[in-house]
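Comments concern the structure below.
Residue numbering restarts at 1 for every chain, and letters A, B, ... go by the order of the sequence lines.
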There are 2 protein chains.
Amino acid sequence: MTHRTVGHPAGLPDDPRANVTAPTPECPVEITLSALHGRWTTLVVRELLRGDRSYSELRAALPMLSDKVLSDRLAHLGEAGVVERDRRPGWPPRVRYTLTPTGHRLGPVLQALWDWGAEVSARDRGAESGPETGTVH
Amino acid sequence: MTHRTVGHPAGLPDDPRANVTAPTPECPVEITLSALHGRWTTLVVRELLRGDRSYSELRAALPMLSDKVLSDRLAHLGEAGVVERDRRPGWPPRVRYTLTPTGHRLGPVLQALWDWGAEVSARDRGAESGPETGTVH
DNA sequence: CTGAATCCCTGCCGATACTG
DNA sequence: CAGTATCGGCAGGGATTCAG
């Protein structure tokens, strides 16, 4: 997809991808959603935003996440350029998962997702207290 | 899920939802992803960010989107509090779809998604030209 | 410890047809 | 014009098992 729209200040005002009429892989929004696609994916990224992790540390942090899905997610995030695997030599096998610089930049994206959801849930709870804001990265 | 992590300035520094260990519906990030969930959803929102639309205007703007999926998306976005239906009396039936104030605030979210994807695709094309930035809302 | 392979089941989405 | 009803294919993801 693509998302250029009405009145606005800066930016590339006429990126052709802002006018795609179907969910194509070239649209930046699709690229990002594709990287974050799948259940558990954002939680894995959150965990790695907090620091590098081993496979078993990720399992411990997300106990309900199965091995299959965890390796699927790590492989997918690897292909997306978000996560890097550092295989340390020796025995037993030690592997560290870390975010690439690109992956690190997902922090503001998750932050934006958090902020909107927090605002909605605050509104749904009825109270109109001060605006919420968490910090992901 | 939830996404509070390492160093950061403002915000609710200890929202318990930042530490959920499974994809629960209470996590703000999940709330947002749930609202945007499904193919074509972001494109429908983009179209409505540009202004209110009738059903057939949406179909015309997104020709490859089937009736079934379009009404699914509009219903889902309605339940999510993003879209409102204004049924105008008379014949033939005239219905306008508009974003709620909450829906309007998805603009920055889509912008964040756009920015990350644009940066990635720029990097993938190899050139390191100036940073891209589109404007959604 | 770090995964990959398999199986099965569910839910999404696309196409087609039909209604108020 | 603005949708709903129905069906089928396929991919996502959970549990289990096996391998380096």
Side-chain angles (χ1 to χ4, degrees), chain A residues 1 20-25 27 29-30 33-45 47-48 52-80 82-98, chain B residues 1 20-25 27 30 33-45 47-48 52-80 83-98:
Chain A
M1 302 129 182
V20 295
T21 63
T24 70
C27 173
V29 171
E30 283 300 309
L33 290 178
S34 164
L36 295 177
H37 172 256
R39 206 150 115 79
W40 295 96
T41 305
T42 56
L43 281 176
V44 171
V45 173
E47 220 42 53
L48 292 173
D52 62 308
R53 294 284 188 273
S54 69
Y55 188 87
S56 23
E57 284 170 343
L58 288 171
R59 281 205 311 192
L62 306 170
M64 315 288 286
L65 174 55
S66 74
D67 277 340
K68 176 196 187 289
V69 176
L70 176 54
S71 31
D72 282 355
R73 292 300 172 266
L74 290 171
H76 179 246
L77 290 170
E79 292 168 14
V82 170
V83 162
E84 186 153 15
R85 281 167 61 148
D86 296 334
R87 186 178 299 272
R88 323 253 306 194
W91 189 265
R94 296 265 164 189
V95 181
R96 294 252 107 194
Y97 290 94
T98 72
Chain B
M1 326 170 145
V20 296
T21 62
T24 70
C27 173
E30 283 301 308
L33 290 178
S34 163
L36 294 178
H37 175 256
R39 205 163 180 246
W40 293 99
T41 305
T42 57
L43 282 176
V44 171
V45 173
E47 219 43 51
L48 292 173
D52 62 307
R53 294 283 188 273
S54 69
Y55 188 88
S56 25
E57 284 169 342
L58 288 171
R59 281 205 311 192
L62 307 169
M64 316 289 287
L65 174 55
S66 75
D67 277 341
K68 175 196 188 290
V69 176
L70 176 54
S71 31
D72 282 355
R73 292 299 171 267
L74 290 171
H76 179 246
L77 289 170
E79 292 168 13
V83 162
E84 186 152 15
R85 281 158 72 139
D86 296 335
R87 188 178 299 271
R88 323 252 304 192
W91 188 266
R94 297 265 164 189
V95 181
R96 295 252 106 194
Y97 289 93
T98 70

- line: When rounded to whole Å, the CG to P distance for the pair B/Asp72 and C/dA15 reads 14 Å
field: Rounded distance in Å - OH (A/Tyr97) to C1' (C/dT2)
entry: 7 Å
message: Looking at A/Trp40, I'd like to know whether one of its side-chain N or O atoms comes within less than 4.0 Å of OP1 or OP2 on D/dG14.
response: yes
- prompt: Looking for any heavy atom pair under 4.0 Å, which part of the strands does B/Arg73 touch: base, sugar-phosphate only, or nothing?
  reply: sugar-phosphate
field: Nucleotide D/dT4, atom C1' - distance to CZ of B/Arg85 in whole Å
entry: 11 Å
statement: Between CZ of B/Arg39 and C1' of D/dC10 the distance, given in whole Å, is 13 Å
- prompt: A/His76 NE2 to D/dG13 C1': how many Å, rounded?
  reply: 14 Å
query: Using a cut-off of 4.0 Å on non-hydrogen atoms, how would the nucleic acid contact of B/Arg96 be classed: base, sugar-phosphate, or nothing?
result: nothing
query: Hey, is A/Asp67 close enough to A/Arg59 for a salt bridge, meaning N to O under 4.0 Å?
result: yes
statement: Whichever of B/Lys68 and B/Ser56 has the more 5' nearest nucleotide on DNA chain D, that residue is B/Ser56
message: Salt bridge check, B/Glu57 against B/Arg96: does any charged N sit closer than 4.0 Å to a carboxylate O?
response: yes
task: Nearest 0.5 Å please: distance from the CZ atom of B/Arg73 over to the OH atom of B/Tyr97.
output: 14.0 Å
message: Can you work out whether A/Asp67 or B/Ser54 has the more 5'-proximal nearest nucleotide on DNA chain D?
response: B/Ser54
- line: Atom NE2 of A/His37 and atom C1' of D/dA11 are separated, to the nearest Å, by 9 Å
query: Is the distance from OP1 or OP2 of D/dA15 to the nearest side-chain N or O of A/Ser66 less than 4.0 Å?
result: no
field: B/Thr98 vs B/Leu48 side-chain heavy atoms within contact, under 4.5 Å
entry: no
task: Using atom CG of A/Leu43 as one end and atom P of D/dG13 as the other, report the distance to the nearest whole Å.
output: 13 Å
- prompt: Counting side-chain heavy atoms from CB outward, which of D/dG14, C/dG20, C/dG3 is closest to A/Arg87?
  reply: C/dG3
Toward the 5' end of DNA chain C, by each residue's nearest nucleotide, A/Ser71 or B/Pro93: A/Ser71
message: So, does B/Tyr55 get its side chain near the phosphate of D/dT4, meaning an N or O under 4.0 Å from OP1 or OP2?
response: no
query: Which of parallel (below 30°), tilted (30 to 60°) and perpendicular (above 60°) describes B/His37 and B/His76?
result: perpendicular
- request: Using atom CZ of B/Arg59 as one end and atom C1' of D/dA2 as the other, report the distance to the nearest whole Å.
  value: 8 Å
